[in-house]
Protein chains: 2
Amino acid sequence: MAVTIKDVAKQAGVSPATVSRVIADNPRISSKTKQKVREVMEELGYFPNFQARNLVAKKSQTLGIVMENSATLAFQNPFFPEVLRGISTRAHGSQYGLYLSTGATQEEIHREVVEMAQGKRVDGIILLYSKIGDPVMEYLGQCGLPYSVVGRPYKDPETISYVDNDNINNAKETVEYLISLGHQHIAFVGGATDFVVSLDRMEGYRQALDQHGIPFVEAYAVNQELMQGKEREAIRQLMALDVPPTAIVTHDDMVAYEVIGYLEDLQIRVPEDISIIGFNNHAISKHLKPPLSTVDISIYELGLHAAELVLEKITDESVPPKQVVVSSRLIERGSCRRL
Amino acid sequence: MAVTIKDVAKQAGVSPATVSRVIADNPRISSKTKQKVREVMEELGYFPNFQARNLVAKKSQTLGIVMENSATLAFQNPFFPEVLRGISTRAHGSQYGLYLSTGATQEEIHREVVEMAQGKRVDGIILLYSKIGDPVMEYLGQCGLPYSVVGRPYKDPETISYVDNDNINNAKETVEYLISLGHQHIAFVGGATDFVVSLDRMEGYRQALDQHGIPFVEAYAVNQELMQGKEREAIRQLMALDVPPTAIVTHDDMVAYEVIGYLEDLQIRVPEDISIIGFNNHAISKHLKPPLSTVDISIYELGLHAAELVLEKITDESVPPKQVVVSSRLIERGSCRRL
DNA sequence: CTGAAAGCGCTTACAG
DNA sequence: CTGAAAGCGCTTACAG
């Protein structure tokens, strides 16, 4: 049996209430008593029971982290550990623990979130993705638990605390960079279209083309749904067009690596024959051959702010929702060339 | 205020005890009562409070995950998300939640682990690394909380439940593979020497050399301490030796990428001029140019078994410690050539 | 088959 | 400055 507050009280010759106050460092307890009690706590190896403490305090000192768990998606990508590192740092600074969702399907995740919230397992939730028509986001909006989102919510973003990059502008600048290198035939390989970030980057791609009078070519805009898992074939088709692109923007470095591999197999060289640019600046990208040009989106900062936002809400329910935009920057390396 | 068991009891015209029994699906409650109570629970939107339930049950249905948090190390590496995916899957299957350590230093982590354990925040702990002289491992050994380790413990491994690859043999086979390709001058770039996995792989390297009558060359064996963060310089020196190696085994694919980059800068080509082989088979390795030969260590399985092992201990304290060896296999790709 | 009571380990008004 | 008491939301022998 673990030692409880009662054991300490008895041993120190005080009441349990007093021990509790010593733990809380209540100023109304004499320093003499405090010292005595602390000695006994040390002696007996006392540690407060979180379950009990949290039950009466009606809080858990824990943040729930909810991620898309479709295995490949969330876990293969270095985004997850890096954003977690940011969250972890901020949470740890405020003595908050981290509780992870483990569900594999949307239904499971949804149920877990409801349990976390209703079961008072967590004081707030960080949603690590933003997709269209997401029941989890829907639920969070209603249930009243503090939460924040990494990524702009599709619905009513102004009512929600979230952190994001300016994805539209990022994509736009990326395309403009390629245009400035003399490219006119620029393809875009995007992600799943129910993710807001995918929409935004596609939007930026179109805006850049528009503003530079370059016609939008349907066949140049590829996304995950269109590829249906046949990425290799998609790239082959793209390059077999009458006017194949001279540059490709991909929505993630991982995808860029893949695409480069497929191009290689087609005897198309990067950057000699085609320019490639990625997103997210993974740790390995600079070591690639050629080093991959990419957009650094400050993933760590995204995590930091996401945690900051929930924590703010937890501390004061009444603070208005806040939106944080984290800066990004284009990193020129060796995968793009001037035409 | 959230709805409690009392609200349900009142509304259903039964006692709180009965409601509790309905939640537990106690067979001694009539199905009529059960149905009535369940209807009311539904109607009022009742959810059990975990804090309360766990307080009396003296369990938390939660597994603590402890990782090295030295930022770069744990988080940059795809190992972490993948092992977490394995753990997550198994834990979720048994309705266990995951609680993450967030400490940045060894002291912080140690304190967190003590709090998790003593504060009854978790029912068991999974230690994601094994290093020499680790106070965390020391503590876990004493405190009596069920735990498992990913990686062979340095001290008293037979008394501890852990999962690991046969790292000695893996490294040995890797070197033998290179020998079979005609290499005699084989270097080894290892990790931090306080990690058991590093020791094991180095040991396997030496064994292979020994058994094939190849002398061990001090300068060929590089590790993280020797490099002191000057990886580039270390590689330069390695290749500037009177007899430079014709092949390098690196202890991780990430390191392999880096090394390849440095070699590239020295105008040394892979695999034409030198063969490289990695460890851990990251998702990107197959897309590299050249595709990286590596050892797949089944990271997901490591996670799965680690979770299985703690869960077993939690269910039955008396089961003897168990050791699981997860298989690995050498994946030949394009980064090694026959001499 | 169901309820009253005690208790899990803590906190916090309320008194003094 | 400190204690007795009530209570957080649940579970579980003990009765009946």
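Residue numbers start from 1 in every chain, and the chains themselves are labelled A, B, ... in the order their sequence lines are given, proteins ahead of strands.
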Engineer: Applying side chain to side chain donor-acceptor pair (under 3.5 Å) as the test, list every pair that has at least one member in residues 17-27 of chain B; sequence neighbours left out.
Structural biologist: B:S15-B:T18, B:D25-B:K34, B:D25-B:R38

Engineer: Please map the stems of DNA chain D, keeping only stretches of three or more Watson-Crick or G-U wobble pairs with both distances under 3.5 angstrom.
Structural biologist: C:1-3 with D:14-16, C:5-12 with D:5-12, C:14-16 with D:1-3

Engineer: Enumerate the side chain to side chain donor-acceptor pair (under 3.5 Å) contacts for residues 305-321 of chain A, please, sequence neighbours excluded, ordered by first and then second residue.
Structural biologist: A:R90-A:E308, A:E312-A:K322, A:D316-A:S318

Engineer: Below 4.0 angstrom from OP1 or OP2 of D:dT11, is there any side-chain N or O of B:R53?
Structural biologist: yes

Engineer: Listed by chain and number, what are the side-chain contact (heavy atoms from CB on, under 4.5 Å) partners of A:F47, not counting sequence neighbours?
Structural biologist: B:V114, B:Q118

Engineer: Could you say whether B:A24 or B:Q51 is positioned toward the 5' end of DNA chain D, judged by the nucleotide with the nearest heavy atom to each?
Structural biologist: B:Q51

Engineer: Over how many whole Å does the gap from B:N54 atom CG to C:dC10 atom C1' extend?
Structural biologist: 15 Å

Engineer: For A:Y154, I'd like to know if atom OH has over 12 heavy atoms of other residues, nucleotides or ligands within 6.0 Å.
Structural biologist: no

Engineer: Can you check the A:D25 CG to C:dT12 P distance for me, whole Å?
Structural biologist: 14 Å

Engineer: Test of understanding: with side-chain contact (heavy atoms from CB on, under 4.5 Å), list the residues that count as partners of B:R53, not counting sequence neighbours.
Structural biologist: B:I23, B:P48

Engineer: Would you mind reading off the distance between B:Q61 atom CD and D:dT11 atom P, rounded to a whole angstrom?
Structural biologist: 12 Å

Engineer: Nearest-Å distance, CG (A:L55) to P (D:dA6)?
Structural biologist: 18 Å

Engineer: For A:F47 and C:dC8, give me the distance from atom CZ to atom P, rounded to whole Å.
Structural biologist: 21 Å

Engineer: Which atom pair, heavy atoms only, marks the closest approach of B:V325 to B:N165?
Structural biologist: CG1-C, 4.2 Å

Engineer: Tell me which pairs pass salt bridge (charged side-chain N to carboxylate O under 4.0 Å, His left out) where either residue lies in residues 138-151 of chain B, with sequence neighbours left out.
Structural biologist: B:E138-B:K155

Engineer: Sequence neighbours left out, what passes side-chain contact (heavy atoms from CB on, under 4.5 Å) with B:S130? Give chain and number order.
Structural biologist: B:M137, B:V149, B:V196

Engineer: Just call it for A:F50: base, sugar-phosphate, or nothing, with non-hydrogen atoms closer than 4.0 Å on any strand.
Structural biologist: nothing

Engineer: Roughly how many Å is it from CG in B:N49 to P in C:dC10, rounded to a whole number?
Structural biologist: 17 Å

Engineer: B:I5 CD1 to D:dT12 C1': how many Å, rounded?
Structural biologist: 12 Å

Engineer: Identify, with sequence neighbours excluded, every residue that meets side chain to side chain donor-acceptor pair (under 3.5 Å) alongside B:Q11.
Structural biologist: B:E43

Engineer: Can you list the residues that meet the side-chain contact (heavy atoms from CB on, under 4.5 Å) rule with B:K59, with sequence neighbours excluded?
Structural biologist: B:A57, B:Q61, B:D123

Engineer: Please list, by residue number, the residues of residues 26-42 of chain A whose heavy atoms come closer than 4.0 Å to an atom of DNA chain C; answer none if no residue qualifies.
Structural biologist: none

Engineer: Between A:K58 and D:dG9, is there a contact of a side-chain N or O with OP1 or OP2 at under 4.0 Å?
Structural biologist: yes

Engineer: For DNA chain C, find the residues of residues 13-23 of chain A with a heavy-atom distance under 4.0 Å and give them by number; none if there aren't any.
Structural biologist: A:A17, A:S20, A:R21

Engineer: Could you pull out all residues at least two apart from A:T62 that satisfy side chain to side chain donor-acceptor pair (under 3.5 Å)?
Structural biologist: B:R121

